[in-house]
Trainee: 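Okay, here's the structure, questions in a sec.
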There are 4 protein chains.
Amino acid sequence: MPPQSPSRLTARLESLRPAASTEKPGDKTAKPKGAREVRSAARKEAILAAALEEFSTSGFAAARLEDVAKRAGVAKGTIYLYFADKEALFQDLAREMLQPLVAHVENFATIDLPFPALADSMIDVMTHELLGTRRQDIIRLILTEGPRFPALAEFYYREVLSKIFAAIGQVLQRAVDRGELRHKALIEFPQLLAAPMLVAIMWNSVFGAISPLDAKAMLKAHVDIVLNRGDA
Amino acid sequence: MPPQSPSRLTARLESLRPAASTEKPGDKTAKPKGAREVRSAARKEAILAAALEEFSTSGFAAARLEDVAKRAGVAKGTIYLYFADKEALFQDLAREMLQPLVAHVENFATIDLPFPALADSMIDVMTHELLGTRRQDIIRLILTEGPRFPALAEFYYREVLSKIFAAIGQVLQRAVDRGELRHKALIEFPQLLAAPMLVAIMWNSVFGAISPLDAKAMLKAHVDIVLNRGDA
Amino acid sequence: MPPQSPSRLTARLESLRPAASTEKPGDKTAKPKGAREVRSAARKEAILAAALEEFSTSGFAAARLEDVAKRAGVAKGTIYLYFADKEALFQDLAREMLQPLVAHVENFATIDLPFPALADSMIDVMTHELLGTRRQDIIRLILTEGPRFPALAEFYYREVLSKIFAAIGQVLQRAVDRGELRHKALIEFPQLLAAPMLVAIMWNSVFGAISPLDAKAMLKAHVDIVLNRGDA
Amino acid sequence: MPPQSPSRLTARLESLRPAASTEKPGDKTAKPKGAREVRSAARKEAILAAALEEFSTSGFAAARLEDVAKRAGVAKGTIYLYFADKEALFQDLAREMLQPLVAHVENFATIDLPFPALADSMIDVMTHELLGTRRQDIIRLILTEGPRFPALAEFYYREVLSKIFAAIGQVLQRAVDRGELRHKALIEFPQLLAAPMLVAIMWNSVFGAISPLDAKAMLKAHVDIVLNRGDA
DNA sequence: AATGAATGAGCGTTCATTCAT
DNA sequence: TATGAATGAACGCTCATTCAT
């Protein structure tokens with residue numbers, strides 16, 4: 001007997017499908033944004049930033065919208081001008097934060113480098129774009145709250161994970177074809193490639209204070225193992 | 001691949017509990033328990049079992065003590081006879097569930113087998129004793145609620161993780177010494193060995209409904225990679 | 001018997017409004033209205049019409065000014081340019097709608113017809129001018145919200161009811177004097193004459209969907225009883 | 001777009017059907033009520049009484065549950081031990097208050113008296129059992145809130161009005177058959193008989209302070225008119 | 001005059017915790 | 001011990017009202 005009804009979530013999920021942005025960058029007829037609109041967009045960002053902070057610190061259930069508002073420098077009611085409810089705020093936050101990540105990863109599939117070089121480079125990107133940024137908090141939140149937000153999990157799977165895995169799959173296939181990679185199983189289980197990343201995120205959020213983890217070094221070690229490199 | 005039937009889980013949970021009461025019936029030094037004490041201990045166990053179920057399903061914040069009480073077949077107030085408050089119940093639960101885990105793993109350090117055989121055996125144990133049992137839920141809960149329960153995270157780190165890692169460290173060191181394992185880095189980052197396990201746990205709780213993951217196959221693939229085995 | 005189509009109602013409402021502006025185009029003493037003033041008056045009317053609709057549908061407390069504004073095609077703030085607050089809007093609405101009613105009824109006192117003919121004619125007027133129009137909603141609202149708006153109740157009593165009852169009193173007295181009516185008590189209790197009208201209004205708003213009431217037939221039956229007519 | 005969903009109301013309506021009371025008055029096995037139960041029943045009554053007061057004064061929407069609680073001498077949360085929500089409290093209140101009224105009226109159908117005597121007696125009963133009691137407030141509330149609570153209106157129609165009208169119908173039919181009553185139309189429109197009652201209720205709640213109405217005298221006058229009595 | 005974004009007081013509802021029985 | 005009725009602080013959300021533009 002979960003608190004929220006699945007139907008409401010499913011309904012909202014529909015709205016998670018990437019809306020076709022009718023305003024293209026080069027659109028000449030687009031009127032310049034008025035101060036109103038700029039202010040409004042800034043407020044929305046402020047609320048999202050505050051929500052990220054509060055959700056990260058307290059989790060979805062324990063985060064108080066009043067604190068989000070206070071942190072964003074707006075009144076409680078203002079949140080509801082931009083988001084339908086607490087749940088929508090959370091989902092919009094996740095979408096907003098993760099969308100750019102996908103583009104980054106998909107980019108890798110197009111780069112034609114030897115796999116080892118590509119892997120090292122991917123570690124750099126992940127280290128900079130994920131670890132230590134707010135995005136890792138979002139991923140943690142999705143894993144943390146996912147079981148109670150099936151729609152969010154589905155969105156994340158559909159819009160983020162499946163795309164990332166598809167891109168990784170291409171890269172790996174190419175590497176195998178070129179004889180740069182022995183382990184075909186990685187194509188079937190791309191999770192194995194991502195696992196250390198996940199562990200780094202969880203570790204540092206849970207045990208970081210007790211025993212910090214050098215995530216980059218660990219990721220490098222992982223690549224070495226996958227490539228059966230180094231250490232010798 | 002639905003999570004699993006509650007009855008099986010409860011049965012399994014029962015088998016986890018005896019570890020706590022080390023006294024056997026014939027134990028001379030133990031004063032015989034009165035019916036009162038037996039009943040009392042049984043109640044505490046019932047509450048813990050119910051709490052595990054509820055916390056696993058709803059998370060700490062959303063779990064309702066009323067539901068825990070109902071599931072345990074006691075009154076709401078009774079919980080407070082055994083646990084100071086909701087937080088204490090959660091922490092006690094985690095502690096009680098984790099204690100037996102350590103023994104299991106430390107056991108491995110004493111087994112003198114070739115590393116590949118040991119690794120395969122470890123996968124079997126993990127698959128049967130962790131995946132698909134309520135123990136995985138406890139681990140998920142610690143990762144999930146850890147940031148909000150520093151004391152619990154510290155306890156887990158000190159009493160469980162550090163011991164497990166120490167044991168793993170011994171095993172790995174021996175394997176390296178014997179030339180059964182190339183990658184010394186694993187000794188520094190035992191997390192890399194555990195990562196796929198963690199991913200399997202999280203994946204199936206978050207995305208299991210969307211796209212189930214064959215955890216055992218993935219773990220096998222991981223060992224193959226670490227040992228630079230197979231696939232060819 | 002669905003309430004009625006909004007379009008018809010709106011049209012009818014329009015025809016109610018002119019009563020407020022007594023100045024005719026050729027009125028010399030009136031300074032000619034600028035386009036500004038005309039627009040302004042039109043807006044006020046639009047707001048009143050929208051308010052009538054919303055208050056009728058939802059009651060005073062549940063009616064939302066945002067919905068009133070939307071229906072009137074103005075912004076929320078605009079309402080406050082014409083009315084001090086929600087309560088004032090409601091009271092102004094009631095006053096504006098009721099003013100024309102009185103003239104109608106007072107007219108009857110001046111018609112010199114035999115009472116039975118007058119009564120039958122009154123039923124026709126009531127049926128067409130009250131039942132099924134938005135006027136009945138205003139009356140319902142006054143009865144419904146009256147206890148919480150003493151000032152409105154007093155206004156209604158003073159400006160509408162007492163005048164209507166005075167007019168009815170004259171008619172009845174004449175009928176009694178002429179021997180057309182036995183029951184002098186009606187002069188003391190004109191409510192008895194109006195009661196079926198009131199019941200028709202309330203019935204159809206509350207139970208209309210369950211069991212529609214043929215108001216006109218009921219009113220006719222009532223007159224028959226009062227005049228001790230028919231049926232035989 | 002009414003505030004509450006009809007489905008929820010319809011669902012609740014099911015529960016309005018008179019539950020078969022399994023405990024009959026003469027039930028020997030019924031254990032005497034403990035102090036607990038007595039206190040509990042008293043509390044429920046206190047809450048209902050307080051709710052009646054608050055709903056009567058403020059209407060459903062404007063009544064504050066905090067005030068109900070305060071008036072009942074309980075905490076806000078206590079209300080929710082006895083009633084699912086504000087709406088259920090309102091509906092239970094209506095049911096509780098009106099159920100006894102029906103029995104009263106149905107009783108009349110069994111009394112074999114000349115119609116004039118019966119009518120006079122009915123006025124007495126109504127005057128004592130309805131006018132000036134809390135029950136008139138309930139009836140006013142049902143008429144007032146009915147349009148927004150279709151389930152309540154339906155309940156009132158089914159459980160109260162239809163039964164009362166059926167009983168009145170029998171009485172009237174007998175009166176017509178015996179030649180004690182001319183106006184057969186009353187059988188078709190029992191509302192005409194009840195109309196003055198309704199007017200008395202509404203009048204005194206809305207205009208009682210401005211101009212009190214002698215309800216009993218008015219009802220008597222109405223019976224005189226129906227019977228074409230008196231005045232002469 | 002007109003707008004509508006912003007405000008924040010207010011209320012229904014939940015649930016951990018207490019305590020009389 | 002055990003109960004579960006009672007409590008009341010807390011929080012999500014609404015909406016009348018304000019005010020900068």
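These figures come from a predicted structure and were not determined experimentally. Proteins come first, then strands; the chains are lettered A, B, ... in the order of their sequence lines, and each starts at number 1.
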Trainee: At less than 3.5 Å, do the side-chain atoms of C/K76 and the base atoms of F/dT17 form a donor-acceptor pair?
Mentor: yes
Trainee: From CZ of C/F55 over to C1' of F/dC15, roughly how many Å is that when rounded to an integer?
Mentor: 13 Å
Trainee: What is the nucleic acid contact for D/L81, judged by heavy atoms within less than 4.0 Å: base, sugar-phosphate only, or nothing?
Mentor: base
Trainee: Is it the case that C/R95 places NZ or CZ above or below the six-membered ring of C/F155, under 6.0 angstrom from the centre and within 45 degrees of the axis?
Mentor: yes
Trainee: Name the nucleic acid region contacted by B/A63, choosing base, sugar-phosphate or nothing; use a 4.0 angstrom heavy-atom cut-off, strictly under.
Mentor: sugar-phosphate
Trainee: Starting from C1' on F/dA16, measure out to CZ on C/F90 and report it in whole angstrom.
Mentor: 16 Å
Trainee: In whole angstrom, give the distance that lies between atom CD1 of A/I47 and atom P of E/dA5.
Mentor: 13 Å
Trainee: Could you say whether B/R64 or D/A61 is positioned toward the 5' end of DNA chain E, judged by the nucleotide with the nearest heavy atom to each?
Mentor: D/A61
Trainee: I need the CD1-P distance between A/I79 and E/dG8, as an integer number of Å.
Mentor: 13 Å
Trainee: Atom CG of A/D67 to atom C1' of F/dA10: distance rounded to whole Å?
Mentor: 12 Å
Trainee: Mind calculating the distance between CD (A/E66) and C1' (E/dG10) to the nearest angstrom?
Mentor: 13 Å
Trainee: Taking all heavy atoms of B/V68 and all of B/A51, pick out the closest pair and write down the distance.
Mentor: CG1-N, 3.8 Å
Trainee: Give the nucleotide from the list F/dC15, F/dA6, E/dC11 with an atom nearest to the side chain of D/R39.
Mentor: F/dA6
Trainee: For the side chain of C/T78, starting at C-beta, report the closest nucleotide among F/dA2, E/dA2, F/dG12.
Mentor: E/dA2
Trainee: Please compare B/Y82 and A/G77 by the position of their nearest nucleotide in DNA chain F and report the one closer to 5'.
Mentor: B/Y82
Trainee: Any strand counts, and the cut-off is 3.5 Å on both contacts for Watson-Crick or G-U wobble. Which nucleotide pairs with E/dG12?
Mentor: F/dC11
Trainee: About how many Å separate CG of A/L48 and CD of A/E96, when rounded to the nearest 0.5 Å?
Mentor: 5.0 Å
Trainee: Rounded to the nearest 0.5 Å, how far does CG of A/L65 lie from OG1 of A/T78?
Mentor: 12.0 Å
Trainee: Over how many whole Å does the gap from D/F83 atom CZ to E/dT14 atom C1' extend?
Mentor: 18 Å
Trainee: Would you mind telling me which residue lines up with the more 5' stretch of DNA chain F, D/A75 or C/Y80, judged by nearest nucleotide?
Mentor: D/A75
Trainee: Angle class for the C/F90/C/F60 ring planes (parallel below 30°, perpendicular above 60°, tilted otherwise)?
Mentor: tilted
Trainee: Ignoring backbone atoms, test whether C/R43 places a side-chain nitrogen or oxygen under 4.0 Å from the OP1 or OP2 oxygen of E/dA1.
Mentor: no
Trainee: Take atom CD of A/E37 and atom P of E/dA6, then tell me their distance rounded to the nearest Å.
Mentor: 12 Å
Trainee: Is there a Watson-Crick or G-U wobble partner for F/dA20 with both distances under 3.5 Å, and if so, which one is it?
Mentor: E/dT3
